[in-house]
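Take a look at the structure below.
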Amino acid sequence: MANTVLVGAQWGDEGKGKIIDVLAEEADWVVRFQGGNNAGHTVEIGSERYVLHLIPSGILHPGKMCVIGNGVVVDPVALLEEIDGVEQRGIVTKGRLFVSDRAHLVFPYHKLIDEYRERKPAAGTPIGTTKRGIGPTYGDKAARVGVRVGDMLDPDFANLLRERVEANNKMLIASEAPTLDVEETVATYLAVAQRLAPYIADTIPMIHDAMAKKQSVLLEGAQGTLLDIDFGTYPFVTSSNATSGGACTGSGMPPNRIDRVIGVVKAYSTRVGEGPFPTELHDAMGEHIRKVGHEFGATTGRPRRCGWFDLVVARYAAHVNGVTDWAVTKLDVLDDVEEIKVCVAYECDGRRYEHLPASARVLARCKPVYESFPGWKTSTKSAQTLEDLPKLCRSYLNALARLTGTPISILSNGPRRESTMRLDLAAAVISA
Ligand code: GDP
Ligand code: IMO
Ligand code: MG
């Protein structure tokens, strides 16, 4: 398999976990490169359902090697719980799951700060974060006061952490937020460090040794392009680079070793949390998509906001990620829809936008310009090949490929592994 980066091309929850699981069959290594346990990646195999937050979705294939890269922020308590959870279900993690010693650690004070900032947002509007401490941890990383996974193995770890907890307590007191018991926290994390030690490694030579042996690497993105700290709808974003560039900085994989970039898109759009979403539906159609698509957060259980497919977003995502091909998921969710709309441009303040505006304030005022497609009104759930799909469904997909200038190589018509079609990129039907 070619070395492949897989990214979300919308606002997250595009079905990345499912597609990673499908592709992991052909890869030797699966590497998560950013985000933390704000992610929730669902994989369904037979009657089993797994929701992975930090562990790469490749773990469900026995024998595949998995790495939590340096760009990830790791809540070590959450990671140990997740490891215990999968081990209890018969999945071996020792010797095949490694956490980069350069990854930054999430501590309880990060979560307290995240919660406080959501309660009392500096800019007046909460972001609607997952409250997993993600923003404050990346903040500490950039401010160069973070503690890294490798520090857990340092004889001075207790002092390092003590100093950080004391400093953060001062900040929390000033904010009238709850504080942490210093010695209790230090004792807890010393025990956590001991348990996590067998998983900690310098993962960069591991990945490079693998490539020297012609093994292939699949890089698993979390969140999505519009949640990227640089390219997303700032400030309503997460705090990492969820786009393909983050795959390099978050893993040690150089750009010239990446052969393919798969962008995952739903056949419609969803968003969790606050922030602009031009194609959002506030009507019965939005409810229908939420119900049929089970659009409730895999991490927080929050109902996801639902809307039509947005070509402005998809074209932008194709550009900034260098998407070579799309994986289109949740096609089956549109099976009953009479008329399917696709946003081709925005109108705002008397101006037409073909490209995504930088400002979230402008985007919030943008009105979508729609093109309509007749629904296929037939179940696609049992389709196994492109030919099994109704003609109108193929026309819809063809339009998505044509209007984004990017071919579709994977179609997903159900949550399970088997409900996946791999398309011949040379096939004219879904070509750009
Ligand atoms: P991720 O964060 O991108 O991995 O996506 P999530 O796991 O948060 O959300 C995707 C949801 O859609 C999960 O519940 C998946 O099981 C489900 N899913 C994935 N692909 C399909 C599909 O093609 N059809 C349907 N109906 N559900 C899907
Ligand atoms: P996966 O990998 C969807 C959203 C939150 C919030 C914003 C910032 O499952 O696609 P954060 O806790 O990261 O500071 O929250 O980002 N968010 C996600 N939305 N899918 C995710 O991950 C998300 N991770 C964060 O809802 O709006
Ligand atoms: Mg998710």
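Quantities reported herein were computed from a predicted structural model and do not represent experimental measurements. All ligand and atom numbering here is 1-based and tracks the order in the structure. Sequential numbering from 1 along the given sequence is applied to the chain's residues. Scope of the values below: all heavy atoms of this structure, side chains included, with no hydrogens, waters or symmetry mates.
Looking at every heavy atom in both residues, Leu54 comes nearest to Glu82 through N-OE1, 3.0 Å. The two residues Ile20 and Ser57 come nearest to each other via the heavy atoms CG2-CB, 3.6 Å.
Between the side chain of Asp283 and the backbone N or O of Leu281, no donor-acceptor pair lies under 3.5 Å. The backbone N or O of Arg148 sits nowhere less than 3.5 Å from a side-chain atom of His104 that would complete a donor-acceptor pair. One N or O on the side chain of Asp228 and one on the backbone of Ala242 form a donor-acceptor pair closer than 3.5 Å. No donor-acceptor pair closer than 3.5 Å links the side chain of Asn37 to the backbone N or O of His53. Under a 3.5 Å cut-off, the side chain of Arg271 and the backbone N or O of Pro276 do form a donor-acceptor pair. Checked by atom type and distance alone, the side chain of Asp388 pairs as donor or acceptor with a backbone atom of Thr385 at under 3.5 Å. Looking only at distances, no side-chain donor or acceptor of Lys16 sits under 3.5 Å from a matching main-chain atom of Val7.
The nearest heavy-atom contact from the protein to atom 13 (O) of ligand 2 is Thr238 OG1, 2.6 Å. Scanning the protein heavy atoms around atom 10 (C) of ligand 1, the nearest turns out to be Asp13 O, 3.8 Å. Nearest protein heavy-atom neighbour of atom 18 (C) of ligand 2: Leu227 CD1, 3.6 Å. Nearest protein heavy-atom contact of atom 23 (O) of ligand 1 is Ser412 OG, 2.5 Å. Ranking the protein heavy atoms by distance from atom 7 (C) of ligand 2 puts Val237 O, 4.0 Å first. Looking only at protein heavy atoms, the nearest one to atom 12 (O) of ligand 1 is Lys330 NZ, 2.9 Å. Of the protein's non-hydrogen atoms, Arg302 NH2, 2.9 Å is the one closest to atom 26 (O) of ligand 2. For atom 12 (O) of ligand 2, the nearest protein heavy atom (residue, atom name, distance) is Thr130 OG1, 2.6 Å. Here the protein heavy atom with the shortest distance to atom 27 (O) of ligand 2 is Val272 O, 3.1 Å. Atom 3 (C) of ligand 2 has its closest protein heavy atom at Asp13 OD2, 3.2 Å.
One option in Thr129, Leu226, Ile229 has a heavy atom closer to atom 14 (O) of ligand 2 than any other, and that option is Thr129. Of the listed residues (Val272, Thr42, Ile20), the one carrying the non-hydrogen atom nearest atom 7 (O) of ligand 1 is Thr42.
Using a cut-off of 2.8 Å, one finds that Ala222 contributes no N/O/S atom close to the Mg ion (ligand 3).
You'll find the side chain of Phe33 reaches within 4.5 Å of the side chain of Val5, heavy atoms only. You'll find the side chain of Leu356 reaches within 4.5 Å of the side chain of Leu226, heavy atoms only. A 4.5 Å side-chain heavy-atom check between Met65 and Phe98 finds at least one atom pair inside the cut-off. Between Ser100 and Val72, the closest side-chain pair of non-hydrogen atoms is not below 4.5 Å. Between Phe236 and Thr125, the closest side-chain pair of non-hydrogen atoms falls below 4.5 Å.
Under the 4.0 angstrom criterion for non-hydrogen atoms, His41 is in contact with ligand 2. Contact analysis puts Arg49 in contact with ligand 1, with a non-hydrogen atom separation below 4.0 angstrom. In this structure, Gly40 is part of the shell of residues with a heavy atom less than 4.0 angstrom from ligand 2. Put simply, no part of Arg304 is less than 4.0 Å from ligand 2, judged by heavy atoms. Distances shorter than 4.0 angstrom occur between a heavy atom of Gly128 and an atom of ligand 2. Heavy atoms of Arg271 come nearer than 4.0 angstrom to ligand 2 in no pair at all. In this structure, Phe236 does not count as a contact residue of ligand 2, since none of its heavy atoms falls inside 4.0 Å of the ligand. Ligand 1 has at least one atom lying under 4.0 Å from a heavy atom of Glu14.
More than 12 heavy atoms of other shown residues, nucleotides or ligands fall within 6.0 angstrom of atom CZ in Arg89. Atom NE2 of His288 has more than 12 neighbouring heavy atoms from other residues, nucleotides or ligands inside a 6.0 Å radius. By the 6.0 Å contact criterion, OH on Tyr353 is enclosed, its count of non-hydrogen atoms from other residues, nucleotides or ligands being greater than 12.
Residue-ligand proximity, Gly414 to ligand 1, at heavy-atom distances under 4.0 Å covers atoms 20 (N), 21 (C), 22 (C), 23 (O), 24 (N), 25 (C). If you number the atoms of ligand 1 from 1 as listed, the ones under 4.0 Å from a heavy atom of Asn413 come out as 23 (O). The distance from ligand 1 to the heavy atoms of Gly40 drops below 4.0 Å at these ligand atoms: 1 (P), 2 (O), 4 (O), 6 (P), 7 (O), 8 (O). Applying the 4.0 Å criterion to heavy atoms of Trp11 picks out, from ligand 2, the atoms 3 (C), 19 (N). Atoms of ligand 1 found under 4.0 Å from any heavy atom of Gly17 (numbered from 1 in listed order, with element): 4 (O). For ligand 2, the atoms closer than 4.0 angstrom to any heavy atom of Lys16 are 1 (P), 2 (O), 10 (O). Atoms of ligand 1 lying under 4.0 Å from at least one heavy atom of Arg304, given by number and element, are 6 (P), 8 (O), 9 (O).
With a 4.0 Å cut-off on non-hydrogen atoms, Val51 does not touch ligand 1 at all. Within the 4.0 Å heavy-atom criterion, neither part of Thr300 lies near ligand 2. Of all the heavy atoms of Asp332, the ones lying under 4.0 Å from any atom of ligand 1 belong exclusively to the side chain. Residue His53 does not touch ligand 1, judged by heavy-atom distances below 4.0 Å. Heavy atoms of Lys18 found under 4.0 angstrom from ligand 1 belong exclusively to the side chain.
Polar contact with ligand 2: absent for Asp114 (N/O pair, distance under 3.5 Å). Taking distance alone, with nitrogen or oxygen atoms compared against 3.5 Å, Gln223 approaches ligand 2 more closely than that limit. For ligand 2, the polar-atom distance check against Lys131 finds no nitrogen or oxygen pair separated by under 3.5 Å. Considering backbone and side-chain atoms alike, Ala39 places every N or O at 3.5 Å or more from each N or O of ligand 2. For the pair Asn38 and ligand 2, the shortest N or O to N or O distance falls below 3.5 Å.
Screening Lys266, Arg290, Arg305 against Glu295 for a side-chain hydrogen bond (donor to acceptor under 3.5 Å, both in side chains) leaves a single residue, Lys266. Screening Thr243, Asn321, Asn241 for a side-chain hydrogen bond (donor to acceptor under 3.5 Å, both in side chains) with Thr225, the sole residue that qualifies is Asn321.
Note on Arg49 versus Glu44: salt bridge recorded, some NZ/NE/NH1/NH2 to OD/OE distance being below 4.0 Å. Salt-bridge formation is not detected for the pair Asp75/Arg132: no Lys NZ or Arg NE/NH1/NH2 atom is positioned less than 4.0 Å from an Asp or Glu carboxylate oxygen. Salt bridge absent: Asp151 and Arg164 never bring a charged side-chain N and a carboxylate O closer than 4.0 Å.
The closest approach of Asp13 to the Mg ion (ligand 3), by N/O/S atoms, is made by OD1.
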